[in-house]
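Heads up, the thing below is written out as structure tokens.
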Amino acid sequence: MTEMLLYALGIVLFALGLLVSIAWHELGHLSTAKLFGIRVPQYMVGFGPTIWSKKRGDTEYGIKAIPAGGYIRMIGMFPPGEDGKIEARSTSPWRSMIEDAREASYEELEPGDETRLFYTRKPWKRVIVMFAGPFMNLVLAAALFFGSMMTIGTAGQTTQVAGVQKCVIKQSEKRDTCKAGDPVSPAYKAGLREGDKIVAFNGTPVSDWDTLSDHIRDTIGPATVTVERAGQRLDLHPVLVPNVVPKKDADGKVVQPAQYTKAGYLGFASKTEIAPLTFGETTDRMTELMENGVHSVIALPGKIPGLWDATFGDGERAEDSPVGVVGAARITGELMTVEAPPTTILVMFMNLLVMFNVSLFLFNMLPLLPLDGGHIAGALWESLRRHVARIFKRPDPGPFDVAKLMPAAYVVAGVFVCFTLLVLAADIVNPVKIT
């Protein structure tokens, strides 16, 4: 019963974090739009039926039933048609899409709004308005990440021994029980014990796990391991053997998804401790997180076949498989039931929100309508056209009509909807789980 309540608590906390992230995103659009004098009739968090709303000034603020997004409605997102009209009708379905989008952006037009239209603002102001939403997600992600890493910290391996493996097991086999025929591990044979702190390897002092790990991996054969035990220093003399171990990248990080290689093996588990990071260390990790996020977005199309097979076939769900809102909520629920210190659970929960906000930033910056990046690209293109016209003393081409791109925007939206439904199905039938 307690486990079920903790699971439900995790889902509720994630839903609240999701709502705050969306509201924060839309606040960026709202605040900058009002700063530049654009009228904003609506600020809504969620989609579907309205649960609560209140009008202040000329803006209605509200919460809707489905916490899967949000929006603000700005007057005059698109310029009038070439004939200067807002309303028009065409027998062409593509043309109708353009005209419907244009009409919708003026449907709440009131007297005096002629000077408060979005498209009449200079391109740089429109770029700021559209960039402000994703930027707020980036700010929130950075605040959560720096706050958690520099105050609580993260679990890191130390040079202290948490346990000694009795035999040599290929780590690709993912087992920890010895079988008949498994050779005795070098650490166990040399007398390494739980609680020992390794302070030197082959006479070279070591104070961190990464350095010690590199020494062990690079060594096959006799070695001298100096440990502190009960206040005394002892020299142990293991004979390291080759074994199949997780592969590391150029930065010393374990490659994900898991890959394996042959390297020197001692045979012990290191103790982990939670310790705050410095500002520089946190900055490096935040940069790495952003780089991984960019690579994930680029690699996303290539993961669709595996996601389909994991959902409708007999394929396994990859560790780096895309996860949607439902999947993230399930992970948060499982996280709350894990037997771990509360601080560890808190850091992991905050990291989930960090990754969610980083994803919101990166996706919305794609230069595709109806995403924010599509509107930014339209404003930049308009600015470029006008500057070129000015340089060559040509007539001002006027505002770039983003509405003409709405047919393509519907195609992009359709692709995103299909992908979202596929991820949703995968999160239900074959979810990613905490291991």
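In what follows, every heavy atom counts, from backbone to side chain, and hydrogens, waters and symmetry copies are set aside.
Counting only residues at least two apart or in different chains, ring-ring contact (aromatic ring centres under 6.0 Å, His included) contacts with residues 310-352 comprise Trp308-Phe312. Listed by first then second residue, pairs satisfying salt bridge (Lys or Arg N to Asp or Glu O under 4.0 Å) with a partner in residues 294-316 read Lys303-Asp320, not counting sequence neighbours. Residues in residues 51-62 take part in these salt bridge (Lys or Arg N to Asp or Glu O under 4.0 Å) pairs, two or more places apart or across chains: Lys34-Asp58, Asp58-Arg116. Applying the ring-ring contact (aromatic ring centres under 6.0 Å, His included) test to pairs two or more places apart or on separate chains, none has a residue in residues 152-171. Residue pairs meeting the salt bridge (Lys or Arg N to Asp or Glu O under 4.0 Å) criterion with at least one partner in residues 358-384, sequence neighbours excluded, are Arg126-Glu382, Glu382-Arg386.
Under the 3.5 Å distance criterion, the side-chain polar atoms of Asp218 are left unmatched by any main-chain donor or acceptor of Gly264. Looking only at distances, a side-chain donor or acceptor of Thr59 sits under 3.5 Å from a matching main-chain atom of Val40. Asn292 contributes a side-chain N or O that, together with a main-chain N or O of Glu288, makes up a donor-acceptor pair within less than 3.5 Å. At distances below 3.5 Å, not a single donor-acceptor pair connects side-chain atoms of Glu173 with backbone N or O atoms of Lys170. Using modelled atom types, one side-chain atom of Asp208 and one backbone atom of Asp210 make a donor-acceptor pair closer than 3.5 Å.
More than 12 heavy atoms of other residues, nucleotides or ligands sit less than 6.0 Å from atom CZ of Phe118. Within 6.0 Å of the CZ atom in Arg385, the count of heavy atoms belonging to other residues, nucleotides or ligands exceeds 12.
Residues Gln171 and Tyr265 are in side-chain contact: their nearest non-hydrogen atoms beyond the backbone lie under 4.5 Å apart. Side-chain atoms of Thr158 and Lys197, non-hydrogen and from C-beta on, never get closer than 4.5 Å to each other. In this structure, the side chains of Ile11 and Tyr7 come closer than 4.5 Å at one or more pairs of heavy atoms. Looking only at side-chain heavy atoms (C-beta outward), Lys125 and Ile38 stay at 4.5 Å or farther from each other. Using a 4.5 Å heavy-atom cutoff, the side chains of Pro186 and Leu266 are in contact. For the pair Lys122 and Ser383, the minimum side-chain heavy-atom distance is 4.5 Å or more. Residues Ile376 and Met365 meet the side-chain proximity criterion, which asks for heavy atoms closer than 4.5 Å. Using a 4.5 Å heavy-atom cutoff, the side chains of Met286 and Leu289 are in contact.
Under the salt bridge (charged side-chain N to carboxylate O under 4.0 Å, His left out) criterion, Asp427 pairs with Arg317, not counting sequence neighbours. Taking Arg229 as the reference, Asp196 meet the salt bridge (charged side-chain N to carboxylate O under 4.0 Å, His left out) condition, with sequence neighbours excluded. The salt bridge (charged side-chain N to carboxylate O under 4.0 Å, His left out) check on Glu194 picks up nothing, with sequence neighbours excluded. Annotation: salt bridge (charged side-chain N to carboxylate O under 4.0 Å, His left out) contacts of Arg193 (sequence neighbours excluded): none. Considering only residues two or more places apart in sequence or on other chains, Ala200 meets the side-chain contact (heavy atoms from CB on, under 4.5 Å) condition with Thr226. Cys418 meets the disulfide (SG to SG under 2.5 Å) test with no other residue; sequence neighbours excluded.
Taking the six-membered ring where the residue is Trp, Tyr61 and Tyr43 present tilted rings, their angle falling between 30° and 60°.
Atoms OG1 and CG, from Thr219 and Asp214 in turn, are 10.0 Å apart once rounded to the nearest 0.5 Å. To the nearest 0.5 angstrom, Leu360 atom CG is 14.0 Å from Trp24 atom CH2. Expressed to the nearest 0.5 Å, how far OG1 of Thr32 lies from CD1 of Ile128 amounts to 8.0 Å. Leu240 contributes atom CG, which lies 6.5 Å from atom CD1 of Ile216 (distance to the nearest 0.5 angstrom). With values rounded to the nearest 0.5 angstrom, Leu307 atom CG is found 4.5 Å from Thr311 atom OG1. How far OG1 of Thr224 is from CG of Leu236: 9.0 Å, rounded to the nearest 0.5 Å.
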Could you walk me through whether Ile274 and Val347 satisfy the side-chain contact (heavy atoms from CB on, under 4.5 Å) test, starting with their C-alpha distance in whole Å, then the side-chain angles of each, then the deciding distance to 0.1 Å, before giving a yes or no?
CA-CA 10 Å; Ile274 295 178; Val347 169; 5.8 Å; no

Show, in sequence, the C-alpha distance, side-chain angles and deciding distance for Val412 and Leu369, and conclude whether the side-chain contact (heavy atoms from CB on, under 4.5 Å) test is met.
CA-CA 7 Å; Val412 172; Leu369 286 173; over 6 Å; no

So Met336 and Leu13, side-chain contact (heavy atoms from CB on, under 4.5 Å) or not? Walk me through it.
CA-CA 10 Å; Met336 292 298 164; Leu13 289 175; 3.7 Å; yes

Would Cys167 and Lys179 satisfy side-chain contact (heavy atoms from CB on, under 4.5 Å), going step by step from the backbone distance to the final call?
CA-CA 9 Å; Cys167 60; Lys179 294 181 179 179; over 6 Å; no

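Checking each of Val325, Ile331, Leu335 against Phe14 for a side-chain contact (heavy atoms from CB on, under 4.5 Å) leaves exactly one that passes, namely Val325.
The two residues Gly302 and Pro305 make their nearest non-hydrogen contact at O-CD, 3.5 Å. Across every non-hydrogen atom of Val168 and Val184, the tightest pair is CG2-O, 3.9 Å.
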Identify all side-chain donor-acceptor contacts of residues 130-153 below 3.5 Å with residues at least two apart in sequence or on another chain.
unit_1, atom_1, unit_2, atom_2, d
Asn137, OD1, His25, ND1, 2.6
Asn137, ND2, Ser21, O, 3.3
Asn137, ND2, Asn357, OD1, 2.8
Ser148, OG, Leu144, O, 3.0
Ser148, OG, Phe145, O, 3.2
Thr151, OG1, Gly147, O, 2.3

